[in-house]
Structures are given as structure tokens and as C-alpha cells.
Amino acid sequence: MSPEATHSGDLGPEATAGGPLGLGPEATHSGDLGPEATASVLTQALPYIQRFSGATVVVKYGGSALDDDHLARFAADIVLMASVGIRPVVVHGGGPQIGEMMQRLGLQPRFVDGLRVTDAETLDIARMVLVGRVNRDIVSAINVHGPRAVGVSGEDAGLITARAQSPELGFVGTVDSVNTAIIDRLLDERLIPVVSTIGADATGQALNINADTVAGILAGALGAAKAVFLTDVEGLYADPDDPTTLISETTAADLDEMIAAGTLSGGMIPKAEAAVHAVRHGVASAHMVNGTTPHVLLLELFTDAGVGTMVRPDPDPESADRHHPDSDPETHDPAKEAAP
């Protein structure tokens, strides 16, 4: 978006994402965006398209954003990213779908620190739902726009080697290593990997692994430019009970302190830990955004509007006294600088 449009408020984030970049016919067909506004949207997106072309972006998708309407928009946004040269990798969860299936079978889910306790029966359900249902749904939604998506399980080609996390959690795994060869090959073929997070230990025992954790580790291993975690809230809050305390920007060290102080709870803990891992392993920035917001990926990647919570790497003490573009208070993302 041009500075004039941004500062005058002529176009809000939803109008920006709903136009040609959002693949949203609503704005185009209803005439909400005229020719000048459409050109402004495209002009704003251009430097970001140039900057991220060829870059890998890992997107963790799951939770309530997995319903049909949200999935269709998400799939269109992923295809758009790929069409302009970005290399998206989708890592998905499916906790609500697993819980729904367990309830149908008369089983009650249990959680410890946001992680699902997984006995042998629950593991079978998780594999069936994640690999056989959720992964297929996402792949199919993306492939409506062309044969680009390929479903991959963490058990495939040794992608995720794990070990049992603790006896208390049962068949819940913690990642020992990732072998990104299969992901690299798919990306090189301009395909879109869609990863379900069932891994295996050295004996071949399947283990259920938190999808946020896998997304953060994969982002670091792939040298991703960004890791984006879609959730059902706007981001991280200083006070979880007060929606006005949204944290728009923080560092890995600050997140460590929040986790230690108990400020974060439940499912936000693995998201925060995954974001910290990502930025401490070479990812320029990690983002926690509301996946139910229409076209939130496009808002984060291609517009001047910062959304959700951005996590930066820890500051470099040696460069603290030198000016850096990131110090500009109007800069939401270090990658969002005008392309040369």
C-alpha cells in the first residue's frame, strides 16, 4: 500500500487482503476497490513479493481455523504465495478433530501443559485423524487451485525422528532430529509440502508430536525466512484475560521470561517455545496471528500492516549501539523493508 493510502486510512487491512491479492472475489465484484485502490494494493505488495521470492515460509495451521470456510481461504493464500515465488511449507495440527473423534468413541482427552496425553488407543486415533483426514483435507483444498500440494507424514523418509517425551504423556514425542531431504526435494519441484506431525523413534514406534514444536524446528532446519503460527486469538497477551494487552512485538528472551513467570498457559506455551526455537536457529522472525482473520497470511507477508505478535531474535549486544532499520518504531518486521 502506498504511504498515502496507509496514513490516510483509505484502505484497511481487510480491504487490502480482500482485493486481487486476497483472491477474494467479494471486493472485486462488489466494486469496493476501484482501479486506483487496486493499483495501490498491488504497489504495496510488490516490494514484499520481491523480497520473499525464493524464500521458505513455514506456516503452522490448525485448531479452529480448520473449518471449511477458513480452509478454503487459507488454501488460496498458500497457492498465491507459491505463485509469486515463495516456498510455503504447511505444518498442521488437528487437536479439535482428534478430540471430536475421541468423544464420538466415548473417550475423554487429557492434557498436560497444553500437550495431549496419548495412550495406544489415542495414538491410533491421532494417526487416523491427522494423516488420513486433516492432511487429506488440506491437500485437497490446495489442489483445487492446481496440482501443487503433497501430503507428508513425519514418518515418511525419516522426516522426523523422535523419542518419547515422558511416561506421563504416553506416546507423545519430542523431536530428536529432522531430515529435510524430502521437503527440500518437494520444494525444488515447486510443490507445497503439507506435513502431519506423527514421527517415529529408532524402533519405528509412532509418536504424536505437537505441531507447533515441529513447525518451529522445521523452520530452523529449512533456513526459513519466517515461521507463522496460526491460532484462534490475535496473538500473545501480557494479561491473557485482557484483550487490550496484545503484545505486538517481543524477543525470544522476553518470551522465556513470560513462560518462566507463568504468564502463558495451555496451548500458547508450545507456540511460544516453538517461536523461540525458530528465531534462535536462524529464522528472521516468527509470528503468532489469528488464523480466523480472512487472509491473515497475506496481511502479514504483503502489506505494511503488522498483525498479531512478532518474535524477533535476541538483540546482539555488540550492535546495540549502532543504528539498524529494525529500530524504526514504525517497522513491524525486519524483512519488511523496501526492496531495492
May I ask whether Val172 and Val175 are part of the same hydrophobic cluster, defined by side-chain heavy atoms of I, L, V, M, F, W, Y residues being less than 4.5 angstrom apart, directly or through others?
no
With a 4.0 Å cut-off on N to O distance, would you call Arg280 and Asp256 a salt bridge?
yes
Verify whether one side chain among Thr245 and Asp242 offers a donor that lies under 3.5 Å from an acceptor in the other.
no
Could you check if a side-chain atom of Pro193 sits within less than 4.5 angstrom of a side-chain atom of Val150, using non-hydrogen atoms only?
no
For the student: nearest non-hydrogen atoms of Pro315 and Thr251, plus distance
CD-CG2, 4.3 Å
Hydrophobic clusters here meaning ILVMFWY residues chained together by side-chain heavy-atom distances under 4.5 Å, can you tell me if Val276 and Met268 are in one?
yes
Starting from the C-alpha separation in whole Å, work towards a yes-or-no answer on salt bridge (charged side-chain N to carboxylate O under 4.0 Å, His left out) for Asp119 and Arg110.
CA-CA 10 Å; Asp119 57 19; Arg110 292 190 299 118; over 6 Å; no
Looking at every heavy atom in both Tyr48 and Leu301, which two are closest together, and how far apart are they?
CB-O, 3.2 Å
Donor-acceptor pair between Ser285 and His287 side chains, under 3.5 angstrom
yes
Step through the shown structure and confirm whether more than 12 heavy atoms of other residues, nucleotides or ligands are within 6.0 Å of CZ on Arg127.
no
Tell me the closest heavy-atom pair linking Gly173 and Ile209, and the distance in Å.
O-CG2, 3.7 Å
Glu100 atom CD, over 12 foreign heavy atoms within 6.0 Å
yes
Which pairs count as side-chain hydrogen bond (donor to acceptor under 3.5 Å, both in side chains) when at least one residue sits in residues 160-174, sequence neighbours excluded?
Arg163-Asp176
Is there a side-chain contact between Phe302 and Val84, using heavy atoms and a 4.5 Å cut-off?
yes
Should Ile78 and Val134 be regarded as members of a common hydrophobic cluster, given that ILVMFWY residues are connected when their side-chain heavy atoms come within less than 4.5 Å of each other, either directly or indirectly?
yes
